[in-house]
Amino acid sequence: MSELPAVAPRGRLADSDLLAAFLRSRVAMLAALATLLIFAAAAFAPLIAPHDPYDLASLSLLDSLTPPAWRAGGTTTYLLGTDDQGRDLLSALLYGTRISLAVGFASVTFAAVLGISLGLVAGYVGGVVDAVIMRIADVQLTFPAILIALLIDGTVRGLLPGLTREESAFGVLVLSIGLSFWVQYARTVRGSTLVEASKEYVLAARLIGLSPVTIMARHILPNVLGPVLVIAAINLALAIITEATLSFLGVGMPPTQPSLGMLIRVGQDYLFSGEWWIIVFPGAMLAILVLSVNLLGDFLRDALNPKLR
Amino acid sequence: MIAFIVRRMVQAVVVMLVVALLAFMMFRYVGDPINQMVGIDTSPAAREALRQRLGLDDPMPLQFARFVANAARGDFGVSYQFKQPVADLLAARLPATLELSIASALFALLVGIPMGVYTGLNRHAPLAKLFLAVSLVGISLPTFLIGILFIFVFAVHLRWLPSFGRGEVVDLGFWTTGLLTVSGLKALILPAITLGLFQMTLIMRLVRAEMLEVMRADFIRFCRARGLTARAIHFGHALKNTLVPVITVTGLQLGSVIAFAIITETVFQWPGMGLLFLQAVQNVDIPIMAAYLMLIAALFVAINLVVDLLYVVVDPRIRLAGRAT
Amino acid sequence: MRGLAATIVLVGLGGAAWASDDTTFRYAFQGELSGLDPYTLNETFSLGTLANVYEGLIRRGPDMEIIPGLAESWEVVDDTTWRFHLRRGVTFHNGNPFTADDVLFSAERVVSEGSDLGARIPPGAQFVKLDDYTVEVRLATPNPILHSEWDAWAIMDKEWAEENGGVAVTSASAETPNYAALHANGTGPFKVVSHEVGVKTVFEANEDWWNWGDRSFNIDRVEFTPIASDATRVAALLSGELDMAYPIPVQDIPRVSANPGTEVLTGPELRTIFLGFDQDRDELLYSDVKGTNPFKDVRVRKAVYLAINEDAIAAKIMRNLATPSALMISPSLYARSGEFERLPYDPEQAKALLAEAGYPDGFSVGMDCPNDRYVNDEQICQAVVAMLAGIGIDVELNAQPKAKFFGKVLASGGYDTSFYLLGWTAGSLDSHHVIFNLNTCRNADGTEGGAFNLGNYCNPEVDALGAKILVENDPVMRDQMIFDAFTIIHDEVSHVPLHQQGLAWGKAAGVALVQRPDNKLLFDYVKK
């Protein structure tokens, strides 16, 4: 939704004894287990899913709105029931999770790479470059993800008129979510860089003639990776939620390739009508996924913070 | 210091211009406003005439220049859809959005800080873990779904609270407020919580993290050594030291609260600027979209400026001007 | 103005928001009332709402029958001359008397620049004042349906408009707001008390209404709130905060009906939902078929028709709140519509036709669809995609919000579509509207011919019939010509008609109201 502040502590990734801390935390282990299971289900969706939700020719309207198997009128063909188009909900759920995670990972990676690079440059080079980058960051913050999505969606369509929503939606989502998240990395990294760059070892590195790129990559970057990792974990959860929100606003994945968010958006139409399974299963899946990832992010933050040990 | 402020003001103007330009680029692709302004069976010739009167056929740079020139005079044009000056429309909707945003920020602070303090001090208490888990649930579902679930439970099933709108509104002449009537206050509860849930989680976790760090700081050890009571240490010293980041974050978040009120306002039909904006997007009401974006941009720029100044005050080590390279 | 101030105070000090007040009628619609000028937007909700404030020369009753309005009676003097006798003793809300001058003024205003209702008066028609209460309309060509849309042509007060600078129509391109966009002064049963755009509009009964003695409503105040979100609108009705809300999403109808205290009023709507094909270009814009346009072949169009199981769409997606249709017009608007039948659902024959046309393995095509315009529009399109996949046609669906959709597929977007879903209501409540707009040949930019014939289905025979229908005064002959035109359109599958979507109004059980197929809510039939 919006940016989380960089409350992540400073500290080197390698300093922490992650595994020991992990084995001590039952919550972290549970969260990791749930995350792993969901990741696996998403990764192997084509193998596990009983139906192919993208094969439109196999859909039959006459099978639509079938309740889950254990309810009256349900059938084992559709374990979790079907949606308004007769799509198997279990299969749609597996594929939807896959899409949501793909959008999440891609946009977080994009945001992190962009944000770290710009943050390093801004903090290290300073001056006009710094001012320009940070002003761009201000402009960026002005545009909530939904507006960025509209802008990118429109621009992509304007530039490539032949593109359908099915082809462009993924890229548009990754770009817009990524673009709305990078500022946070940039600010965190810039802040750390400002502090690190004034330290003796960086001055020394500069004196012995190392290039700025080398200094940034070898000496400054490792010091800021800890907070970045924590932000990334929390951002992954946030990206998945943002994708869902964008679906609500009509700029998400197309309904023929529904993400979790799109499934929820479609499902909310059935909240009053008694076909609860269309919204409950995707909603629960999303909540469990985001919760697990968030808990893992929490754990990472605490574990990576030497002061808390 | 003055030079710094002046420089930032100049930058702010540039930022606003860039926002305006980006917004303008966006409008080209949101859709065709003409279709929203006429009935379906209006002839293509009449549509073309309207397009020309609106100046939509003019080249982009010309449209942009015209917009900036007018906006500089505070004139944002007339809404395509409502045929009213956009400035008036936004002014009429501003109180609703501000009341909602401030109420949600208050909710976030008043609930978030105590929960953060508690979980920070009692790190391993079961209740602290429960707070943490519950707060995470709040950010594990999209806002629109939380809003709809609230309506479902509290308006339809329990019938405690209204499902839409601001209730009875009192017009004070310069401001319309829902805070003076019972129905207005009731109507505020669900939207404010929906909007504030995310910030509450944020603040709670922030306060907790800061408390955990501060409690290990040297000056707290001194306090302990001096024999101060736990209560005095926790609230007199530790909490005070966590508040600076809390204020910063809350300030920064206030802007995004207003921006993200769009979704809450849509779900609850809250007659604020966010709802106006989203409907303007659907109806391709370019003057409203432009003015709203400029307003939000101005707000963000102002908040950023204040926060930057605060940083300087708090940590003089961060020098104002760029460093020599 | 004093009334407005008083009401604001009243609103401010008023009690709970719950609909407990017995004489206030609270309702919500999904869209907004954009302005109060009755000539700015030719759109059902806007016109329907303002029809409670402004009146036309004619009115339409509960069954859409034409009844006298501000004109007490009228006669057709000869083929091209109509004479209207105005109602006496009628006053506008500001107290001004209603006379022939107001009709002449309104006739001039409605065709002036900025009016979206210019088509209310045929080109070349002249309005002549015979005396204060008689107006003659002299036409350039015969026109049997001259007055059919005049229930939605509001008569405005000349003096009021002149005094307040409201003579010019509040053009959609106005630089400054027009007085008439924010204020209303009609002759109708309700007055506008306050209008907060997009938030709330309040009306109050007009005790000086000419028909007050015979009124069939007992409410004295109406509050309108737009609620865009379906779930919120339904919730507000279920929780008793509203007396009426529309539309109710089809899937929520059982819930609203089962809820104690609320019920749903359903009925047929005039709008027909259909599919159209690009039959103009030599090669489709969005298809893997190159060098030729498969939709120019009637066999392909017929195959698409046969592949669509409209009964399933009506039952499952529309939950039976739709009437499958063989024609492009509602059966209630054309007496002989019963003589047409939909082609049966027959995917096997569809496959055979495709093979015969040279596409045994089908082909791919892009489809344009709105996702916020008609009832369950996107779901219908998805179902069509799945059904066509069954006969080998691979459809790539491009479902977009209406602002984008119309910007792409209409004339302004260069008719940028290969295959689309659209809805159409015969605005004049007459078949000619459908034949002309959707089925006559057009030029490239749509300035001549059927501008909404997006795919440019073109048959000179239909064009000729359309021209004759327009000026034929004999009803039987006219219906025969319409029959002939519809037969050609049906046989050549110019479009694939799907259904007339249904209306679903949710209301409190204690409220009685009239639901007309034109989806207009008339306050003067509301009883609480």
Side-chain angles (χ1 to χ4, degrees), chain B residues 30-51 53-54 77-85 89 92-93 148 151-152 155-156 159 162-165 167-171 180-183 186-187 266-269 271 275-276 278-279 281-284, chain C residues 8 11-12 14-17 28 32 34-35 37 40-43 113 116 118-119 170-178 181-182 196-200 225-229 231-233 235-236 238-241 372 401-404 406-407 410-413 424 427 433 437 445-447 451-452:
Chain B
V30 175
D32 183 1
I34 304 298
N35 292 301
Q36 312 305 311
M37 299 167 72
V38 297
I40 176 92
D41 45 4
T42 300
S43 72
R47 287 164 188 253
E48 206 40 54
L50 177 57
R51 188 184 306 278
R53 287 204 302 277
L54 287 171
V78 172
S79 154
Y80 291 167
Q81 206 199 352
F82 298 122
K83 327 289 186 283
Q84 283 195 28
L89 285 171
R93 300 293 189 96
I148 289 165
I151 291 177
F152 192 60
V156 176
R159 298 205 178 187
S163 56
F164 75 97
E168 303 293 328
V169 174
V170 178
D171 190 349
L180 298 178
T181 60
V182 175
S183 70
K186 273 177 144 180
T266 305
V267 170
F268 289 95
Q269 191 69 31
L275 182 64
L276 186 71
L278 196 67
Q279 287 171 347
V281 171
Q282 278 156 8
N283 293 313
V284 202
Chain C
I8 288 171
V11 170
E32 293 159 333
S34 54
D37 192 322
T40 310
L41 183 59
N42 191 14
E43 175 258 342
E113 182 176 82
D116 196 28
T170 310
S171 159
S173 66
E175 291 278 317
T176 49
N178 185 302
L182 304 175
E196 287 173 75
V197 283
V199 180
K200 194 189 218 181
T225 315
I227 302 184
S229 154
T232 311
R233 193 166 58 250
L238 289 175
S239 64
E241 293 164 77
D372 58 355
K402 56 181 185 277
K404 281 190 174 176
F406 286 120
L410 294 189
S412 56
W424 193 262
H433 196 270
N437 281 299
D445 61 4
T447 45
F452 300 91

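Below, chain A is the first sequence line, B the second, and so on; all start at residue 1. Quick caveat, the model's predicted, so the values are computed rather than measured.
- In this structure, chain B has a heavy atom under 4.5 Å from the side chain of C/Thr225, while its backbone stays farther away.
- Looking only at side-chain heavy atoms (C-beta outward), B/Lys83 and C/Asp37 stay at 4.5 Å or farther from each other.
- Contact of C/Ala236 with chain B is made through backbone and side chain together, with heavy-atom distances under 4.5 Å.
- Partners of C/Phe452 by ring-ring contact (aromatic ring centres under 6.0 Å, His included), not counting sequence neighbours, listed by chain and number: C/Trp424.
- Side-chain contact check for B/Glu48 versus C/Thr447: every heavy-atom pair is 4.5 Å or farther apart.
- Here the closest heavy-atom approach between residue B/Gln269 and residue C/Ser229 is recorded as OE1-N, 4.5 Å.
- Shown here for C/Val197 and B/Arg93, the closest heavy-atom pair between the two residues is O-NH2, 3.2 Å.
- Looking only at heavy-atom pairs under 4.5 Å with chain B, the residue among C/Ala411, C/Ala28, C/Gly413, C/Pro226 that has the most is C/Pro226.
- Using modelled atom types and a 3.5 Å distance limit, the side chains of B/Ser163 and C/Glu241 yield a donor-acceptor pair.
- Highest contact tally toward chain C, considering only B/Leu89, B/Ile148, B/Val156, is held by B/Val156 [criterion: heavy-atom pairs under 4.5 Å].
- Residue B/Gln84 comes nearest to C/Leu182 through the heavy atom pair NE2-CD2, 2.6 Å, listed as atom of the first residue, atom of the second, then distance.
- Side chain of C/Ser239 to backbone of B/Arg159: no donor-acceptor contact under 3.5 angstrom is found.
- Considering only heavy atoms from C-beta on, B/Arg51 comes within 4.5 Å of C/Ser412 through its side chain.
- A distance of 9.0 Å separates CG of C/Leu238 from CZ of B/Phe152, quoted to the nearest 0.5 Å.
- Taking C/Glu32 as the reference, nothing meets the salt bridge (charged side-chain N to carboxylate O under 4.0 Å, His left out) condition, with sequence neighbours excluded.
- In terms of non-hydrogen atom pairs under 4.5 Å with chain B, the most contact-rich of C/Ala228, C/Ala119, C/Gly35 is C/Ala228.
- To the nearest 0.5 Å, atoms CG (B/Leu275) and CD1 (C/Ile227) are separated by 10.5 Å.
- Between chain C and the residues B/Asn283, B/Val267, B/Ile151, B/Thr266, the most heavy-atom pairs under 4.5 angstrom are made by B/Val267.
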